[in-house]
Amino acid sequence: MDKKVIYVDNNATTKVAPEVVSAMLPFLNKFYGNPSSMHFFGGEVARHLERARDQVAFLLGCDSSEIVFTSCGTESDNTAIIGSLEALSGNRKHLVTTIVEHPAVKNTMAYLSKKGYRVSEIGVDRQGLLDMNALKDAITEETALVSVMYANNETGVISPIEEIGKIAKERGVLFHVDAVQAVGKIPLNMQKSTIDLLSLSGHKLHAPKGIGAMYIRKGVRMRPYLIGGHQERGRRAGTEAVPNIIAIGAACELAAKNIQEENTQVKARRDRMENWILKNIPDTSLNGHKEKRLPNTSNIGFEYIEGEAILLTLSKEGICASSGSACSSGSLEPSHVLRAMQIPFTSIHGSIRFSLSRYTTDEEIDYIIDKLPGVIQKLRAISPFSSKNMPSI
Ligand code: PLP
């Protein structure tokens with residue numbers, strides 16, 4: 001593609017890191033054996049597969065035996081929730097989750113509610129922070145599992161995971177965390193954590209699409225979701241997607257090395273862009289807590305314009321952002337996350353998510369800052385939502 005690409009949509013998906021491509025390529029055309037085969041050729045592949053498991057475990061601060069590879073974040077969420085519930089003894093039929101979850105969890109909960117579970121969805125405040133009192137009150141003797149996302153994909157707002165986990169533990173309730181947006185962006189340590197089950201996805205951390213993983217704390221029982229062979233110690237059947245597994249291992253090793261950079265350079269670039277926009281473009285506001293947030297994410301409301309119009313006009317300039325999660329931006333439904341935060345509709349409709357990565361450069365931020373005011377001004381001038389004379393930028 002010759003067109004200039006300024007990619008600030010990394011919460012939707014990320015570029016595969018060159019190191020990750022190099023690591024996985026030999027497993028497409030050279031080491032193509034089946035890791036379950038008895039011969040040396042399969043055995044060699046199996047050894048590399050276990051190395052990838054070690055790399056993922058290292059990033060999460062857990063034991064390699066606690067990692068199970070899946071096909072994506074959605075499969076990890078589905079399996080962790082449904083598989084652990086199916087393995088539970090007793091008759092607890094209540095689940096606690098939040099109103100701002102990704103559809104991978106939200107729709108799993110909707111499915112379970114049709115299967116006889118009662119589901120409590122905890123709300124958030126104007127800044128996207130969870131109502132912790134409501135969460136405490138929601139957990140009862142009937143509660144089987146609490147599922148809360150680590151960081152929101154639309155706003156980047158981070159949940160008080162360890163505080164929630166402590167409450168869950170005190171009440172003897174399983175704790176699942178959708179950490180698809182958090183892994184690789186903020187340091188995690190399962191050994192020091194109260195999390196029982198955690199989901200992650202390769203394509204959010206510079207590995208390819210089609211690979212995910214679950215952390216399952218030792219001792220937590222799981223019914224496999226995919227039934228078949230003995231792969232993944234009987235916890236997930238199907239011949240392993242070896243090249244993708246090698247890739248997620250390499251991506252996790254890189255993430256472990258780069259996590260400091262994520263928190264300094266990426267955050268500095270994000271803040272420079274965000275502060276400039278909020279200061280220089282009138283009628284803009286930040287969606288989400290300013291501090292308790294992923295270092296790469298900025299969700300900004302531009303009053304009186306349609307987000308889709310902003311996106312398409314930015315896209316003509318080569319700038320790729322998002323008007324919500326990739327899944328919901330396919331529809332014109334206003335974001336369930338921003339609605340839950342009670343952001344005014346005039347702002348929700350014009351909300352844009354910019355999500356940076358370690359590959360975002362200062363020049364790219366300059367380019368966005370250069371192009372954005374003209375785009376906003378032009379759209380506001382023709383906006384049917386605005387009756388007031390917009391000040392020039
Ligand atoms: N959970 C969150 C928070 C996400 O942001 C996403 C993807 O956007 C998913 C789950 C689903 O992950 P995948 O696309 O790998 O199925």
Side-chain angles (χ1 to χ4, degrees), residues 7-16 20 56 60 67-82 97-111 121-122 124 128 130 146-159 161 164 176-186 188 195 197-215 225-226 236 241 244-245 247-248 251-252 255 287-288 292-299 320-331 335-338 340 353-357:
Y7 189 76
V8 278
D9 199 13
N10 288 280
N11 287 10
T13 198
T14 58
K15 159 181 157 161
V16 181
V20 171
V56 178
L60 298 185
I67 298 296
V68 172
F69 291 114
T70 64
S71 66
C72 59
T74 301
E75 187 192 324
S76 297
D77 282 336
N78 279 231
T79 311
I81 296 170
I82 298 174
T97 186
T98 83
I99 198 166
V100 293
E101 295 297 311
H102 184 275
V105 169
K106 205 173 185 54
N107 291 340
T108 302
M109 291 293 174
Y111 166 82
E121 278 190 340
I122 307 303
V124 294
L130 266 188
V146 173
S147 179
V148 174
M149 69 198 326
Y150 210 117
N152 187 272
N153 44 303
E154 296 192 33
T155 59
V157 172
I158 294 173
S159 316
I161 288 299
I164 299 167
H176 167 252
V177 173
D178 174 346
V180 165
Q181 293 293 346
V183 173
K185 293 177 190 149
I186 45 180
L188 301 173
I195 297 171
L197 300 145
L198 177 137
S199 310
L200 66 140
S201 175
H203 75 103
K204 309 289 184 180
L205 73 149
H206 304 290
K209 295 151 192 71
I211 182 72
M214 269 183 299
Y215 157 78
Y225 194 56
L226 285 191
R236 200 271 188 183
N244 282 354
I245 291 174
I248 199 173
C252 284
N287 296 322
K292 294 176 182 164
R293 205 168 27 132
L294 292 174
N296 79 320
T297 308
S298 183
N299 190 315
C320 306
S322 168
S323 63
S325 69
C327 315
S328 65
S329 59
S331 80
S335 145
H336 74 282
V337 175
L338 301 183
R353 177 187 72 187
F354 300 92
S355 46
L356 283 57
S357 81

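Every heavy atom of this structure was used, including side-chain atoms; hydrogens, water molecules and symmetry mates were not. Read the numbers this way: they start at 1 and go in the same order the structure lists the ligands and their atoms.
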Item to check | Pairs involving residues 98-111, ordered by first then second residue, that meet salt bridge (charged side-chain N to carboxylate O under 4.0 Å, His left out) (sequence neighbours left out) | outcome: K106-E121
Checklist entry - Which atoms of ligand 1 sit under 4.0 Å from any heavy atom of C72? => result 15 (O), 16 (O)
Checklist entry - For S298, which residues count as a side chain to side chain donor-acceptor pair (under 3.5 Å) partner, sequence neighbours excluded? => result E274
Item to check | Ligand-residue contact atoms, ligand 1 with G73, heavy atoms, under 4.0 Å | outcome: 12 (O), 13 (P), 15 (O), 16 (O)
Checklist entry - Which residue from T70, D178, D77, V105 reaches closest to atom 1 (N) of ligand 1 through any of its heavy atoms? => result D178
Checklist entry - Looking at N153, which atoms of ligand 1 are within less than 4.0 Å of one of its heavy atoms? => result 3 (C), 5 (O)
Next on the checklist: So, taking the atom named CG in L198 and the one named OG in S76, what distance separates them when rounded to the nearest 0.5 Å?
Outcome noted: 9.0 Å
Next on the checklist: Under 4.0 Å, heavy-atom basis, I'd like to know which part of K209 is in contact with ligand 1: side chain, backbone, both or neither.
Outcome noted: neither
Checklist entry - Does any non-hydrogen side-chain atom of S71 lie less than 4.5 Å from one of I211? => result no
Checklist entry - Is the number of heavy atoms from other residues, nucleotides or ligands under 6.0 Å of K292 NZ greater than 12? => result no
Checklist entry - Any N or O of A151 that comes nearer than 3.5 Å to an N or O of ligand 1? => result no
Next on the checklist: List ligand 1 atoms under 4.0 Å from M149, heavy atoms only on the residue side.
Outcome noted: 3 (C)
Checklist entry - Do any nitrogen or oxygen atoms of T74 lie less than 3.5 angstrom from nitrogen or oxygen atoms of ligand 1? => result yes
Checklist entry - So which bit of S201 gets within less than 4.0 Å of ligand 1, heavy atoms only: side chain, backbone, both or neither? => result side chain
Checklist outcome for this item: Taken to the nearest 0.5 Å, the spacing of H206 NE2 from I248 CD1 works out to 12.5 Å
Checklist entry - Which value, rounded to the nearest 0.5 Å, describes the distance between M109 atom CE and I81 atom CD1? => result 4.0 Å
Item to check | Close approach, K204 and ligand 1, non-hydrogen under 4.0 angstrom | outcome: yes
Item to check | Point-to-point distance, once rounded to the nearest 0.5 Å, from CG of N78 to OH of Y111 | outcome: 9.5 Å
Checklist entry - What part of E75, side chain, backbone, both or neither, has a heavy atom within less than 4.0 angstrom of ligand 1? => result neither
